[in-house]
Peer 1: 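Next up is a structure, given as structure tokens.
Order of listing sets the numbers, starting from 1, for every ligand and every atom in it.
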Amino acid sequence: MNHRIILLFSFLFACQISNAQKEPSIIPKPVSLIINKGNFILDQQVSIKYAIAQKSLFPAVNYFVAAINDISGIKINLNKKTDKIIELKIDNTISVNNEGYLIKVTPTQINITAKGYAGIIYGFQTLLQTIPQVRTNAILSIPCMDIIDEPRFKWRGMHLDVSRHFFSIALVKTNIDLMAAYKMNTFHWHLVDDQGWRIEIKKYPKLTSVGAWRVDQTSLVWGTRPQALPGEDPNYGGYYTQEQIKEIIAYAGIRNITVVPEIEMPGHIASAIAAYPELSCSGNFQLPMTGGNYKNMSSNYCAGNEAVFHFVEDVLTEVINLFPSKFIHIGGDEVDKTDWQKCAKCQARIKKEGLKNEDELQSYFVKRIEKFINSKNRKIIGWDEILEGGLAPEAAVMSWRGEKGGIQAANMNHLVVMTPGTPCYFDNYQAGPEGEPLAIGGFNTLKKVYDYEPIPKELNKEKYQYVLGAQANLWTEFITTSAHIEYMVLPRMLALAEVVWSPVSSRNWNDFNRRLKYHFNAFDQKGLHYSPGNYTVDIRPISKDNKLAVELLTESPEAKIYYTTDGSIPTISSNLYQQSFPVSSSLTVKAVTILNGKIMNLKPAEQSFVTHLALGAEVKYKTAYSKYYLANGPNTLTDGIRGKLSHSQSWHGIDNNDLVATIDLGKVKEIKSITIGCLQNYNSWIFMPASVQFEISEDGQNFVSISKVENDIPLDLKAATIKDFKVMANSKQARYIRVTAKKIEGCPKGHPGEGKPAWIFADEIIVE
Ligand code: ACM
Ligand code: ZN
């Protein structure tokens, strides 16, 4: 071939490529997107056409015009006669919901049709994801396509805690911009908490002149920060003026984001008490809280004091005058009610109102405030603790302690927002944890967020309508900088955005990862901090046919796993993982994820397995283990994995019941000993069983007792402790083993939950 032919050939080849349209990397994925041939070139000729009568669309138009100008320097014309137009239409008859939109792109025209403002701005956001996101000289080429799009859920939320650390208006705006780009529509602004009151209230200036400032201990880890001492300078903090708050509300409004203020009550308000001590039960003076380590401070309003209600109503009046949001978040979580137990005024209130206990006193507080908020034509939303002692008649519930509160409220026909700690708490680790910035704990990876389903399985179809949507929460005890906020939000927010917007049927992890590359590229160019993903290998036991095998999983669709079972550190020369492998002797699996020849982990994932006669055997429980402590699934007690002192993994939890587990060894075997491992964790209401009974059987019907072992660990032992309850079986023959761990009669004397139900936790039944 001579040169000319090569040139011609490559020219043809290039034409082919540019004609074959690549699907743009839109997140959240539109309901329907059909790519057609050709492109709309966005240049100086383009004009946006919209009816002058629809003046209300102007902020959206302005937003898009400014974005295009930033990217390219191009100034889009408005309502000018040109050959190339972007036409906006409001049409009430189209078949998408209020936030939905239609886009049709042809080489000379783009039509965006929506029922209202929200759909128009979302149409623009979608178009912006088809072109570069930062300043470029490249041609802005939008593929010809047809899009039909609408959100699945109404509440697509992101929360930001500005109390634990204060963040500037500029940072709040950056966060709102990121939310808007991914069509999130609710910004839950956590403005009030123990460690800082962040909203100016004109009638009570000390809330911010005192309550917004604390002694600076930013260099110390949250939980270790000592209380402030008299005379120390409270110079760390800040607050938003009402003018700044109006600015944020307007900024968010243009982007179709509702700002929901959270004004905590009746707990988590040590900041208000520092400003106005008379609001607490004791009335004692206290310095602003510096962090998570405190004693003898009050966090609660006194629920027996009428002046408190006047104060709270005054505050809410100013809040309602500022925020147009239909919902006002009144907090309600984690109220430590010991002050109320000791307070004469609170006790008098309980008596006078005929309340049963302090839970009902909180319910009284919330119901009274609800009445006030309803009288102003607004509704309350609160954390799921507001269910305790009786839910206020019209309250919406934010389910954070798992999904239980959300399910309960939806079944009572109350609106709910799902934000369960797993996977919606974005203050939790998303990778590592080696190499990650210090976090509060947990492990909410990108894939866990992507796999989240906001409608709980337990809910009947007719109750689905009560699930408004889902939200991620970003608590900031461990987060002090904007870079760190970005890192915790990106890219997990993109996964959540797809969960709350796109149809379930379109969820596809590999395709999401493909699209994510465009967004990572944009983050790189914009200098935004983000996590590249979770590369930790998940080492998972699987039991089948009375045998145990190990499965290795990585979240990265493109990476490979290499592993060892001899204790050595895995490298690219170790075993390439292709399929699950059996565990037949005690061993330690170590594994790494390798992408493009590079080990992606600072430390290999590692899991040891102990072998015994029941390994991989089927376990039948008489009473179910908690769905919150699934560990490795139904056969956790025979998976060869011993639990650690932290109760988050490898343990099955039984709530307020005996643990009765029967194991089938598959055939009759000679038994030397039987052991069950149990955990006590005083602070988490987990206690040793009172006793454990061991029985065996050859036929599964007639069991004979070998022995009963009494617990000898003191129930008031506060340090987390593991105990193996063990019996010798003297080589008896058995196929079935039954282990009965008897629950104690409630949490022990002196425990915060004295007399209330306790948990039993078990990790393994070892048969030798
Ligand atoms: C919460 O995380 N305390 C609502
Ligand atoms: Zn009181």
Peer 1: Ignoring hydrogens and angles, state whether a donor on the side chain of Glu318 or Tyr204 is under 3.5 Å from an acceptor on the partner side chain.
Peer 2: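 No, because no side-chain N or O of Glu318 sits under 3.5 Å from a partner of the opposite role on Tyr204.
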
Peer 1: I need the SG(Cys281)-the Zn ion (ligand 2)-SG(Cys346) angle, rounded to 10 degrees.
Peer 2: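 For SG of Cys281 and SG of Cys346, the angle centred on the Zn ion (ligand 2) reads 110°.
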
Peer 1: Check whether any N or O atom of Tyr425, backbone or side chain, sits under 3.5 Å from an N or O atom of ligand 1, and answer yes or no.
Peer 2: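 Min N/O separation from ligand 1 is below 3.5 Å for Tyr425.
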
Peer 1: Between the side chains of Glu453 and Arg152, is the shortest nitrogen-to-carboxylate-oxygen separation below 4.0 Å, so that they form an ion pair?
Peer 2: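 Salt bridge present between Arg152 and Glu453.
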
Peer 1: With heavy-atom distances below 4.0 Å as the criterion, list the atoms of ligand 1 near Glu334.
Peer 2: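 So the answer, numbered in order with elements, is 3 (N).
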
Peer 1: Hey, does Asp333 come in under 3.5 Å of ligand 1, counting only N/O atoms on both sides?
Peer 2: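 Looking only at distances, the answer is yes, because the N/O contact criterion of under 3.5 Å is met.
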
Peer 1: Can you say whether the rings of Trp759 and Phe761 are parallel (under 30°), tilted (30 to 60°) or perpendicular (over 60°)?
Peer 2: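 Perpendicular.
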
Peer 1: Which atoms of ligand 1 sit under 4.0 Å from any heavy atom of Trp475?
Peer 2: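 Contacts of ligand 1 toward Trp475, numbered from 1: 1 (C), 2 (O), 4 (C).
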
Peer 1: Could you label the plane-to-plane angle of the Trp475 and Tyr425 rings as parallel, tilted or perpendicular, counting under 30° as parallel and over 60° as perpendicular?
Peer 2: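 Rings of Trp475 and Tyr425: tilted, 30 to 60°.
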
Peer 1: Could you please spell out the steps behind the ring pair (Phe, Tyr, Trp, His ring centres under 6.0 Å) verdict for His190 and Trp383?
Peer 2: CA-CA 12 Å; His190 187 76; Trp383 301 111; 7.1 Å; no

